[in-house]
Amino acid sequence: MNTVLAAGWTGHDTRLIGATVVAIAVIVVLITKVKLHPFLSLVLGSLALGLIAGMPVDKLLSTFTKGVGSTVASVGILIALGAMLGKLLADSGGADQIVDTVLGRARDRSLPWAMALVAALIGLPMFFEIGLVMLIPVVLLAVKRTGKPLMLLGIPAVAGLSVLHGLVPPHPGPLAAAGALNANVGLTLAFGLLVGLPTVVVAGPLFGRLAARLVPDAVAPERLVPERADTDKPRPSFAATLTTVLLPVVLMLAKALSDILLAKDNQARKIFDFVGDPLIALLAAVLAGMVLLGRPAGLGRAKLSTVVGDALGPIAGIMLIVGAGGGFKQTLVDAGVGDVITGLAKDAHLSPLLLGWLVAVAIRLATGSATVATVSAAGIVAPLAAGMDPAQSALLVLAIGAGSLFFSHVNDAGFWMVKEYFGLSVGQTLKSWSVMETLISVVAIALILPLSLLV
């Protein structure tokens, strides 16, 4: 203890660090051992943190609810709009149109790259689990028709989805982290694509070749291999689908560029700031999708209303987890934990980006949830972002997102989804999917750290 005090620590600092460790341990045990839902686990972990840290009960409750409210207000609407866009893409046949167009023009040698491209296009507006359910039939059908190894085509597809899930808004993790760190979502999107594309190349088509050798006898269950149905069903054109998918990306990137290139009082910048706000960009994409995707598919007004309404039910759990993560973050901040972590990082001369990545890795390994790892790590390192310029805070979001993908194993729902859909054993899943996730995490942070020195 004397050594700690000599280093500038106080007993109160030690208590706060201990409270943080206990709170994270409570969350981990409740999720992994008790099998409690992550939302309830985060609520109980936040209460444990505040009580052990010595926060007055009334302040603890108001702090937690404040964090939940601000997070849901800033992120919840965006998650809902993203879910609606993904549902429109699926139900209109737009996703099938992307798949058929891209794969129809791909030759045998370029099929793994085509799979990664399809995953990237479908994965932009869709959550990982939804995108995976949509992509699996495509992968299995392509494997059946071409005779290619399952891992050669499957790994690029899941790599594309996973990278977008961890690094690119409007996915819940990056959005929540950007909100916690007050990072510019447009810059986060731009840097996410910049880092994500080479990461997908390495962890997707390139690693897919190695994975095909590591798991050469992988064969998908025959009952899961589909045959294309309703090929004559009307659906939107490839151009209309691509326009809808890329519209929010283009608007948010335009805002990010205008913020860099134009003066604050420039009228064009004010317009881009409005249309490029994530809320407006995603709202515009949803409205455009109702016209560009819905009409060609023969979806009337009543059906469109049902489609976008049905998108909200499955994301309720995600929104609650993200909201509770915001409450945990606010409890960390108001208890003073963030200031202690900031001092510790400065004394250790540890890069905030590397610290954010390491914290996210630890929580990911313990809980299995990329979203929980992202929102929790963002809360812990949030004070480090206070003095950062917009580019650095955006890169901190990506570093945390990269850490949240590290080594998916048996406590991650994604692990079991991939195992069952691809008909793998636990060992085969570890050698393919788990290694791929680790590769994504390591390659991404290896790109983020030098990039932080250039911007």
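Along the sequence shown, the residues carry numbers beginning at 1.
Under the 3.5 Å distance criterion, the side-chain polar atoms of Ser432 are left unmatched by any main-chain donor or acceptor of Ala211. Looking only at distances, a side-chain donor or acceptor of Ser70 sits under 3.5 Å from a matching main-chain atom of Gly67. Proximity of a side-chain donor or acceptor of Thr101 to a complementary backbone N or O of Ile98 within less than 3.5 Å is not detected. Looking only at distances, no side-chain donor or acceptor of Ser110 sits under 3.5 Å from a matching main-chain atom of Ala106. The closest donor-acceptor contact from the side chain of Gln392 to the backbone of Ser452 lies under 3.5 Å. His165 contributes no side-chain N or O that, together with a main-chain N or O of His171, makes up a donor-acceptor pair within less than 3.5 Å.
Scanning both residues, Leu152 and Lys148, for their nearest heavy atoms gives CD2-CD, 4.2 Å. Summarising the geometry of Pro248 relative to Ala285, their closest heavy-atom pair is CD-CB, 3.5 Å, with the distance given to 0.1 Å. The minimum heavy-atom distance between Leu449 and Leu353, with the atom names listed, is CD2-CB, 3.9 Å. Nearest approach of Ile440 to Thr199, heavy atoms of both residues: O-CG2, 3.7 Å. Closest approach of Ala23 and Leu49 over heavy atoms only: CB-CB, 3.6 Å. When every heavy atom of Ser46 is checked against every heavy atom of Thr331, the shortest pair comes out as O-CG2, 3.7 Å.
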Original post:
After noting the C-alpha distance and the side-chain angles of Thr244 and Leu247, does the key distance pass the side chain to side chain contact (heavy atoms under 4.5 Å, CB included) rule?
Top reply: CA-CA 5 Å; Thr244 305; Leu247 179 60; 5.9 Å; no

Take Lys87 and Val308 through the test side chain to side chain contact (heavy atoms under 4.5 Å, CB included) and record every step on the way to the result.
-> CA-CA 7 Å; Lys87 184 69 171 170; Val308 297; over 6 Å; no

Which is it for Val202 and Leu439 under the side chain to side chain contact (heavy atoms under 4.5 Å, CB included) test, yes or no, and what are the steps along the way?
CA-CA 8 Å; Val202 174; Leu439 193 59; 4.2 Å; yes

Evaluate Phe328 against Val43 for side chain to side chain contact (heavy atoms under 4.5 Å, CB included), listing each step before the verdict.
CA-CA 7 Å; Phe328 181 60; Val43 172; over 6 Å; no

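Residue Lys66 places its NZ atom among 12 or fewer non-hydrogen atoms of other residues, nucleotides or ligands, all under 6.0 Å distant. Within a 6.0 Å radius of CZ in Phe207, more than 12 heavy atoms belonging to other residues, nucleotides or ligands are found.
In this structure, Arg364 pairs ionically with Asp412, as a charged nitrogen and a carboxylate oxygen lie closer than 4.0 Å. We find that Asp277 and Lys255 are not joined by a salt bridge, their nearest charged nitrogen and carboxylate oxygen being 4.0 Å or further apart.
Considering CG of Leu121 and CD of Gln97, their distance stands at 12.5 Å, rounded to 0.5 Å. Within the model, atoms CH2 of Trp433 and CE of Met417 stand 9.0 Å from one another, a figure rounded to the nearest 0.5 Å. Between the CG atom in Leu405 and the CD1 atom in Ile400 there is a gap of 12.5 Å [rounded to 0.5 Å]. For the atom pair Leu81 CG and Leu282 CG, the distance stands at 5.5 Å (nearest 0.5 Å). In this structure, CD1 in Ile27 is found 7.5 Å from OG in Ser41, a value given to the nearest 0.5 Å. Separating the OG1 atom in Thr371 from the CG atom in Leu42 is a distance of 10.5 Å, to the nearest 0.5 Å.
Counted by atom type alone, Glu437 and Ser162 present one or more donor-acceptor pairs between their side chains at under 3.5 Å. Looking at Trp357 and Ser441, their side chains do bring a donor and an acceptor atom within 3.5 Å of each other.
Asp259 has its side chain out of reach of Lys264: every pair of non-hydrogen atoms, C-beta onward, lies at least 4.5 Å apart. The shortest side-chain heavy-atom distance between Thr188 and Leu395 does not fall under the 4.5 Å cut-off. In this structure, the side chains of Leu447 and Pro198 come closer than 4.5 Å at one or more pairs of heavy atoms. No side-chain heavy atom of Val397 sits less than 4.5 Å from a side-chain heavy atom of Thr374. Inter-residue side-chain proximity for Leu293 and Leu299 is flagged as unmet; no heavy-atom pair is nearer than 4.5 Å. Considering only heavy atoms from C-beta on, Met151 comes within 4.5 Å of Phe422 through its side chain. Looking at heavy atoms from C-beta onward, Met115 lies out of side-chain contact with Trp113 at the 4.5 angstrom threshold. The closest side-chain heavy-atom distance from Met84 to Leu312 is below 4.5 Å.
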